[in-house]
> 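Following this message is one structure expressed as structure tokens.
Predicted, not measured: the structure shown is a model, and the values here were computed from it. The chains referred to below are lettered A, B, ... by the order of the sequence lines, with proteins before strands, and numbering in each begins at 1.
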There are 2 protein chains.
Amino acid sequence: MDSSPRTRPPATLASLAAELGISRTTVSNAYNRPDQLSPQLRMRVMEAARRLGYPGPDPVARSLRTRKAGAVGLLLTDQVSYAFRDPAAVAFLEGLTLECDRARVGLLLVPARPDAEDVAAVSRAAVDGFIVYSMPDDDPHLEAALARPVPAVICDQPGLSGADLVGIDDAGAMRQVADHLIGLGHRRIGVVCMRLGRAVMDGAVTLARQHAARYHVQRNRLAGLEAAFTEAGVAWDRVPVVERFEHSVAAGASATAEVLSMDPGITAVIATSDVYALGAVEELTRRHQRVPEDVSVTGFDGVKAALDAGITTVAQPVVDKGRQAGRLLLEPGRRAQGRELVLPTTFMPGRTTAPPRL
Amino acid sequence: MDSSPRTRPPATLASLAAELGISRTTVSNAYNRPDQLSPQLRMRVMEAARRLGYPGPDPVARSLRTRKAGAVGLLLTDQVSYAFRDPAAVAFLEGLTLECDRARVGLLLVPARPDAEDVAAVSRAAVDGFIVYSMPDDDPHLEAALARPVPAVICDQPGLSGADLVGIDDAGAMRQVADHLIGLGHRRIGVVCMRLGRAVMDGAVTLARQHAARYHVQRNRLAGLEAAFTEAGVAWDRVPVVERFEHSVAAGASATAEVLSMDPGITAVIATSDVYALGAVEELTRRHQRVPEDVSVTGFDGVKAALDAGITTVAQPVVDKGRQAGRLLLEPGRRAQGRELVLPTTFMPGRTTAPPRL
DNA sequence: TTGTATGCGTTATCAA
DNA sequence: TTGATAACGCATACAA
């Protein structure tokens, strides 16, 4: 009367084998190699399993033995939940999971706060590889991932190590935006960019900070702008550049307000993301400035909301970026660490840019 | 000259201890209980680790020993990648990851195709619990998850077992939509709903199929409509109900077209999701039917795009649903399997409903 | 502060 | 077709 499953220790492969008077191998085979077993014995095993409440081989023990976790880890810039508010990150995830689905491996979203030095979650993640999405190059989480004896693919960052890389030509793409504006006649501009370092920092950005930015993507986009405008005779160190830590429409709006307060005479706001560009339009509209008649606005990424809004932007293949990252990591034959994949971008002139007002 | 790390078997806790002439416990402590160790010994350990290329305790082995995976699994209706195309699912994920971040556990997106009977990924997932999001009640993946000896929280489905539940009153919420339309005078309507079973099936839905739907949410929403309209004197079995397997704006549009072909005289299209409602508006506009002057349209969910478009809908707390699910699973003190959480919804009259044209 | 002994639950290898 | 044996790499109770 004490055979109730709750008082008994949980059944294991071994206890099941003992119960049936067969070897553990046979039980294991019943689950993993059904053809190595007579059907009737297999039936007996499965039936005993149900009777004893044996839930099947323990995944962790199996992983230990097979040295395969069956999952890849994803490291994000920020708290995982932030990613779901960022349309570009969502698109990246879509592409990445496309490949994970195909390869039948799970995707582990690793919890990592940008501020915390607590890297334990990265060290303890049971994964066969890492995808690192848009992290600053001095992030301890990145370091911890690279220290693990598993392959890694880094997105939107330079190659710090033997990891594979996926990215775009940020400087070149941003240059197209700059040349477009320069061609229209804009010389007095303002820039809204995303965080340049791990510490929370909102406000005007010095030249030194621009050049020392740890977020490769932002640094390169700014560099593209600087090169183009400098060539066009604009004194880059006079151009107001405002940084926001948060990546949201509201942050883009407030940064735009700050840019305008630094130079009310600008004829164009260049945002390093579409989300910010949408915020810029919002802020300008609130101030009864017409876009593009009074002020032009540009974005970056090519997310749906921005394209719908007609924002002049650079479309990057966000979904494909995720796919390629996943493919690089999961492709069976590959052992070529150190590959670098530069995806193409497309400049998309929209309805938010026009010649400056006189 | 053969001490190169690649020819030597990978370092382990044991080999490191042997190298240093200390016990494994001490090495383990160096990583997990730094205070149990003299700082200088710890330094020695860490230094030797670096020298030998020891990457720190193996996560899987540790998990096996501690009986903790440090992650929860998420099971979705469909391929993981689909979730990132569905705004409601993305919002749910945002809420869920909020709680995961807080509890510092990872979220494992378990690969599962709805068609495949291949449930191995669920059985092999190294997780401490499952969140099941919007699955039909006959899905083998669901069964596999419930068979695992870990807690589970089910969203948007009835309690089949000892799992916790999070959901809304789908029937009641849909009834509000129906009563709103009935109050406006609508009697001749058409319905666009999501998949009702696991098999791909597009087209008109019989009454029997409505009642036998394995997707609890859809079944209840349809039931709410049936009850309200039947009470209002409408013969429900004459109401065109069209099902789509895909959940996309395009599918909503095509389903709307099919509804209109079944009864060109309808004055309102009721969609069971906002995504479909957006498709309905699209299709009607294409046909030069004005919304709501010619035809009214309603949605469900309250996603941003729909609210922005002024769709009359029911807002459900999508983000909070994810949070609550996570909380139920992760809350430390809880061992109360069988809890049921019904979240509130808000009817949101918009600009897509009006009295029917005469 | 450090070490010893044991077990976590499985699968690979090889032999029967 | 089945079984015996030996890892897989670690953490923890307990002893020293």
> Would a distance-only check, ignoring hydrogens and angles, find a side-chain to backbone donor-acceptor pair under 3.5 Å from B:T77 to B:M135?
no

> If the threshold is 4.0 Å, N to carboxylate O, is there a salt bridge linking A:R214 and A:D139?
no

> Any donor-acceptor pair under 3.5 Å joining the side chain of B:R24 to the base of C:dT6?
yes

> Is it true that A:R44 and A:E47 make a salt bridge, defined as a side-chain N closer than 4.0 Å to a carboxylate O?
no

> From the options D:dG3, D:dT12, D:dA11, select the nucleotide whose nearest atom is closest to the side chain of A:S23.
D:dG3

> Rounding to a whole Å, what distance do you find between B:R67:CZ and D:dC10:P?
17 Å

> Looking across every strand, which nucleic acid part, if any, lies under 4.0 Å from B:L64 by heavy atom: base, sugar-phosphate, or nothing?
base

> Quick check against the 3.5 Å criterion: does B:D128 have a side-chain atom that pairs as donor or acceptor with the backbone of B:K68?
no

> Does a side-chain N or O from A:S28 land closer than 4.0 Å to OP1 or OP2 of C:dT10, or not?
no

> Start at the 5' end of DNA chain C and walk down; is the nucleotide closest to A:P57 or to B:L41 reached first?
B:L41

> Using a heavy-atom cut-off of under 4.0 Å over every strand shown, decide if B:R124 touches base, sugar-phosphate, or nothing.
nothing

> Mind telling me whether B:Y31 and B:Y54 have parallel, tilted or perpendicular rings, with 30° and 60° as the class edges?
perpendicular

> Taking the side chain of B:A61 as its heavy atoms from C-beta onward, which of C:dT10, D:dT12, D:dC10 lies nearest to it?
D:dC10

> Between A:T26 and D:dG3, is there a side-chain N or O to OP1/OP2 distance below 4.0 Å?
yes

> Rounded to the nearest Å, what distance is computed from the CG atom of residue B:N29 to the P atom of nucleotide D:dG9?
20 Å

> Nearest whole Å is fine: how far is D:dT2 C1' from A:N32 CG?
16 Å

> Would you say A:S38 reaches D:dT2's phosphate, i.e. side-chain N/O to OP1/OP2 under 4.0 Å?
yes

> Quick one: the side chain of A:R65 and the base of D:dA7, do they pair up donor-acceptor inside 3.5 Å?
yes

> When the distance from CZ of A:R62 to P of D:dG9 is rounded to whole Å, what number comes out?
18 Å

> Would you classify B:R42 as touching base, sugar-phosphate or nothing, given that sugar-phosphate means primed atoms plus P, OP1 and OP2, and contacts are heavy atoms under 4.0 Å?
nothing

> What integer distance in Å separates A:L13:CG from C:dG7:C1'?
16 Å

> Would B:D58 and A:R67 count as a side-chain contact (heavy atoms from CB on, under 4.5 Å) here? Give the steps.
CA-CA 10 Å; B:D58 179 281; A:R67 318 269 350 144; 3.0 Å; yes

> Could you work out which one of C:dT2, D:dG9, D:dA11 sits closest to the side chain of B:L37?
C:dT2

> When only distance counts, do a donor and an acceptor, one from the side chain of B:T25 and one from the base of D:dA11, lie under 3.5 Å apart?
no

> By nearest atom, which of the nucleotides C:dA12, C:dG9, D:dC10 is closest to the B:Y54 side chain?
D:dC10

> Starting from P on C:dC14, measure out to CD on A:Q36 and report it in whole angstrom.
15 Å

> What integer distance in Å separates A:Y31:OH from C:dT10:P?
9 Å

